[in-house]
Amino acid sequence: MAPDSHDLHHTDHHHPDLHRRGLMFILSSPSGTGKTTIARRLLAEDHAIHPSVSATTRAPRPGEVDGVDYFFVSQQEFDSMAENDEFYEWAEVFGNCYGTPKAHIRAGLKHGKDFLFDIDWQGTQQLYQKDAQDVVRVFLLPPSIEELHRRLSGRGTDSAEVINARMDRARAEISHWDAYDYVVVNEDLDECYEQVKLILAAERLRRKRQTGLIPFVRGLLRTKQG
Ligand code: 5GP
């Protein structure tokens, strides 16, 4: 990778003591606000952040890889994981169960890995209730209701009824904007992406996440020079 590429590793590992705890970076928005594009860009450019991998009881689709797209588990395995409180949250969707397993995320956080969650406000709330200190909640807003309508109208082939249903869902999601730490208005996709990266960079530098600081600063204070 070229040294001037967008690798955000630079906040990490300056010094062997300066390791940090990872974070859970949540991106929520009504659909049509660019969240998926921004999430994909971040995952492609920043190798310290990883997608959260869910467990599911549904069968793998062609091309899906166990441990990458999902952890594919039997209903029995899923039920026992739920019973043993091994999920941050779980839900039944179209007859299959889906859940966010804690174990690999907990282990990753300890080693300074960050995780990206592309989830709605309900999932955000559940994650926050389980682990407030590692969670960073970012909400993206459309620049105007007209622009959102334009973005949700698709290619002009959907009925007014379908578009109105999308608008209602979007309004319902927007109404939870105040449950987030950061709000970014996506007027321009590139600018919005830059702002999301700034939030991530600043959150990585929070003192409480820089678990190696105490011995590092002690070392600084112990060294007498001049
Ligand atoms: P698919 O089977 O098409 O991959 O996903 C179906 C639905 O399950 C999507 O709406 C997706 O958002 C939802 N889903 C995937 N993983 C999880 C999860 O860990 N928790 C919850 N609550 N929903 C999930």
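- Put simply, CD on Gln195 and CD1 on Ile38 are 9.5 Å apart, with the number rounded to the nearest 0.5 Å.
- One finds a salt bridge joining Arg58 and Glu64 here, because a Lys/Arg side-chain nitrogen approaches an Asp/Glu carboxylate oxygen to under 4.0 Å.
- In this structure, Val53 shares a hydrophobic cluster with Phe71, the cluster being traced through Ile, Leu, Val, Met, Phe, Trp and Tyr side chains under 4.5 angstrom apart.
- Ionic pairing of Glu147 and Arg151 is present here: one or more N-O contacts between side-chain nitrogen and carboxylate oxygen are shorter than 4.0 angstrom.
- Note on ring orientation: taking the six-membered ring where Trp is involved, the planes of Phe115 and His50 are tilted (angle from 30° to 60°).
- In this structure, Ile214 places its CD1 atom where only 12 or fewer heavy-atom neighbours from other residues, nucleotides or ligands lie under 6.0 Å away.
- The side-chain heavy atoms of Ile145 and Arg171, taken from C-beta on, include a pair separated by under 4.5 Å.
- Under 4.0 Å is where a charged nitrogen must lie from a carboxylate oxygen, and between Asp114 and Arg20 at least one such pair does.
- Arg204 and Asp46 are joined by a salt bridge, as a carboxylate oxygen and a charged side-chain nitrogen come within less than 4.0 angstrom of each other.
- Side chain of Glu89 to backbone of Leu127: no donor-acceptor contact under 3.5 angstrom is found.
- In Gln76, the CD atom is not crowded: 12 or fewer heavy atoms of neighbouring residues, nucleotides or ligands sit closer than 6.0 Å.
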Working for salt bridge (charged side-chain N to carboxylate O under 4.0 Å, His left out), residues Asp131 and Lys102
CA-CA 10 Å; Asp131 185 359; Lys102 285 187 206 166; over 6 Å; no
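- For the pair Asp69 and Arg61, the salt-bridge criterion is not met [side-chain N within less than 4.0 Å of a carboxylate O].
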Determine whether His149 and Glu146 satisfy the following criterion, side-chain contact (heavy atoms from CB on, under 4.5 Å), listing intermediate values before the conclusion.
CA-CA 5 Å; His149 188 270; Glu146 291 79 14; 5.6 Å; no
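- Ion pairing of Arg40 with Asp118 is absent here, as no side-chain N (NZ or NE/NH1/NH2) approaches a carboxylate O to less than 4.0 Å.
- Both Trp177 and Met167 sit in one connected hydrophobic cluster of ILVMFWY residues. Membership requires side-chain heavy atoms under 4.5 Å apart, directly or through other members.
- In this structure, the separation between CG on Asp134 and CG on Leu109 is 5.0 Å, given to the nearest 0.5 Å.
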